[in-house]
Amino acid sequence: MHLSTHNWMRAEPLETTVRRIKKMGYESIEISGEPDQYDTKETLALLKEHDMRCWGAVTLTLGERNLAARDQGQRERSVDYVKSVLTMVSELEGEIITLVPATVGKVVPDGTPEEEWGWVVDATKECFHHAKKVGVRIAVEPLNRFETYFFNRGAQALALADAVSPEVGVCLDAFHLNIEEEDMFQTIRDIGDRLFDFHVADNNRFAAGLGHIDWPRVIQTLRDIGYDGAVTNEFVAPVDRTPAAPYPDMVDTNPVDISPEQLKFIQDHGSSVLTEEFYAEQMQITADTILPLIK
């Protein structure tokens, strides 16, 4: 196992992120799933310059992106988006994308369960065929019920993976596991060798180590199933707007270089644009919590 991190949680130059996480002991990055933001040749050169690698990317399934949409044209455009993320990861010499099939924040279905299942299976199969061409694996990720109605548990994600191909896997996230699973450790064991990626944030979605999740037991369970991929930091710090705020200076009131879409995605997760100081501290706390357990 090795420590990785997402970078979608703060809009800043990628070089800033890479320099910071390299010093903290991170070995790779799951890059934001926005291919238009990156020149892959320049990005790959930057990563290699800092002895960093791309582990993969997560699909930012926001706006009109939705493999479960009733509208066929919308589904086709969403498939094209996923393909573009797969191509980006391939060009960055990465290994994996984590696929969130339905729009994050959408909690009302477009069709019956049978209709939507058929739409998503067909769309994911098309994405998988492209993934095979470019040499990147797909891991389906379940989110909690407040972010998507489509599926929320590891067993449901595995059912989609099985419906597409034995070569499709699952990505689990400790934050979502803590909400949705009867026994998060048993879920990890049940997914077994189909676990392709693992994301970490504590039960309150601050950095790992700032809540009640039993991280030694999480990492030991991953070892027990033979998992040897990335343990990827994905804290999404909730903003406290009351006088009881434990971090009163966490929000950057003058953000730069952030698109309206990315800002909405962050805000839809209950967070905001974070100051560099607070963001770096959360990155360090995750490293301090996880690295001693995986080394």
Side-chain angles (χ1 to χ4, degrees), residues 1-60 84-99 131 134-139 141 169 171 173-174 195-201 207-209 215 219 222 227-237 256-258 262 266 273-295:
M1 282 181 279
H2 73 275
L3 186 60
S4 186
T5 188
H6 292 274
N7 72 317
W8 65 263
M9 301 89 74
R10 174 179 161 81
E12 63 182 11
L14 184 60
E15 184 172 6
T16 300
T17 301
V18 171
R19 287 181 181 275
R20 179 190 301 114
I21 64 177
K22 183 64 181 177
K23 293 177 182 177
M24 295 178 178
Y26 291 80
E27 295 182 23
S28 74
I29 189 167
E30 276 195 51
I31 204 160
S32 177
E34 292 290 2
D36 291 344
Q37 291 184 4
Y38 302 102
D39 179 306
T40 51
K41 289 184 179 179
E42 292 180 0
T43 300
L44 183 60
L46 173 67
L47 293 175
K48 290 188 173 183
E49 177 187 349
H50 295 282
D51 193 26
M52 182 67 58
R53 63 189 172 102
C54 174
W55 168 248
V58 61
T59 58
L60 298 186
S84 72
V85 177
L86 286 160
T87 298
M88 175 184 71
V89 171
S90 177
E91 292 176 354
L92 293 176
E93 300 178 2
E95 301 182 29
I96 197 164
I97 72 160
T98 54
L99 174 64
V134 298
V136 175
R137 296 182 295 160
I138 291 178
E141 182 179 8
C171 170
D173 183 310
L195 184 65
F196 288 1
D197 197 12
F198 194 82
H199 296 167
V200 297
W215 292 108
I219 299 302
L222 293 174
Y227 180 71
D228 194 32
V231 178
T232 303
N233 175 40
E234 195 180 20
F235 69 87
V236 191
V256 295
D257 297 329
I258 185 168
Q262 185 179 2
I266 291 171
V273 182
L274 305 175
T275 63
E276 185 169 4
E277 181 181 20
F278 175 82
Y279 183 72
E281 181 183 37
Q282 294 287 302
M283 284 280 188
Q284 185 67 63
I285 291 168
T286 297
D288 292 344
T289 300
I290 301 297
L291 277 175
L293 301 174
I294 64 176
K295 286 189 173 180

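- Here the NZ-NE2 distance, from Lys23 to His50, works out to 10.0 Å after rounding to the nearest 0.5 Å.
- Proximity of Trp8 to Val236: side-chain heavy atoms (C-beta onward) are separated by under 4.5 Å at one or more points.
- Rounded to the nearest 0.5 Å, atoms CZ (Arg53) and CG (Leu47) are 11.0 Å apart.
- Annotation for Val134 and Ser90: closest pair O-OG, 2.9 Å, computed over non-hydrogen atoms.
- Not a single donor-acceptor pair under 3.5 Å links the side chain of Ser84 to the backbone N or O of Pro35.
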Exercise for the section: Take Met9 and Leu274 through the side-chain contact (heavy atoms from CB on, under 4.5 Å) test and state the conclusion after the steps. Expected result: CA-CA 8 Å; Met9 301 89 74; Leu274 305 175; 5.5 Å; no
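- With rounding to the nearest 0.5 Å, the separation of CD1 in Ile97 from OG1 in Thr59 is 6.0 Å.
- Put simply, the side chain of Leu222 reaches to within 4.5 Å of the side chain of Leu195, judged on heavy atoms.
- Two residues are said to be in side-chain contact when any heavy atoms from C-beta on lie closer than 4.5 Å; Glu30 and Ser28 fail this criterion.
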Exercise for the section: Apply side-chain contact (heavy atoms from CB on, under 4.5 Å) to the pair Leu60 and Val58, showing each step before the final yes or no. Expected result: CA-CA 6 Å; Leu60 298 186; Val58 61; 4.0 Å; yes
Handout entry: Stepwise side-chain contact (heavy atoms from CB on, under 4.5 Å) test for Met88 and Thr43
Key = CA-CA 10 Å; Met88 175 184 71; Thr43 300; over 6 Å; no
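- Side-chain N/O atoms of His199 and Glu234 include a donor and acceptor closer than 3.5 Å.
- Minimum heavy-atom separation, Glu141 to Asp173: OE2-CB, 3.6 Å.
- A salt bridge (Lys or Arg N to Asp or Glu O under 4.0 Å) with Arg20 holds for exactly one of Glu15, Glu12, Glu277; it is Glu12.
- Residues Val136 and Val85 are not in side-chain contact: their nearest non-hydrogen atoms beyond the backbone lie 4.5 Å or more apart.
- For the residue pair Ala287 and Leu3, the shortest heavy atom distance occurs at CA-CD2, 3.7 Å.
- Expressed to the nearest 0.5 Å, how far CD1 of Ile294 lies from CD of Glu27 amounts to 7.0 Å.
- The two residues Ser32 and Asn7 come nearest to each other via the heavy atoms N-OD1, 2.7 Å.
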Exercise for the section: Take Thr286 and Thr5 through the test side-chain contact (heavy atoms from CB on, under 4.5 Å) and record every step on the way to the result. Expected result: CA-CA 10 Å; Thr286 297; Thr5 188; over 6 Å; no
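- With values rounded to the nearest 0.5 angstrom, Thr17 atom OG1 is found 13.0 Å from His6 atom NE2.
- Nearest heavy-atom pair across Gly209 and Thr289 is CA-OG1, 3.6 Å.
- The distance from atom CG of Leu44 to atom CD of Glu93, rounded to the nearest 0.5 Å, is 4.5 Å.
- In terms of modelled atom types and a separation under 3.5 Å, the side chain of Tyr26 and the main chain of Met283 share a donor-acceptor contact.
- Summarising the geometry of Ser4 relative to Trp55, their closest heavy-atom pair is OG-CB, 4.1 Å, with the distance given to 0.1 Å.
- In this structure the side chain of Leu86 reaches within 4.5 angstrom of the side chain of Ile138, judged on heavy atoms.
- Between the side chain of Thr98 and the backbone N or O of Cys171, no donor-acceptor pair lies under 3.5 Å.
- Between the side chain of Lys22 and the main chain of Asp51, a donor-acceptor pair closer than 3.5 Å is present.
- Contact of the Tyr38 side chain with the Leu92 side chain is not registered, since no non-hydrogen atoms from C-beta on lie closer than 4.5 Å.
- Between Phe198 and Met1 there is no side-chain heavy-atom pair separated by less than 4.5 Å.
- Ring planes of Tyr279 and Phe235: tilted class, angle from 30 to 60°.
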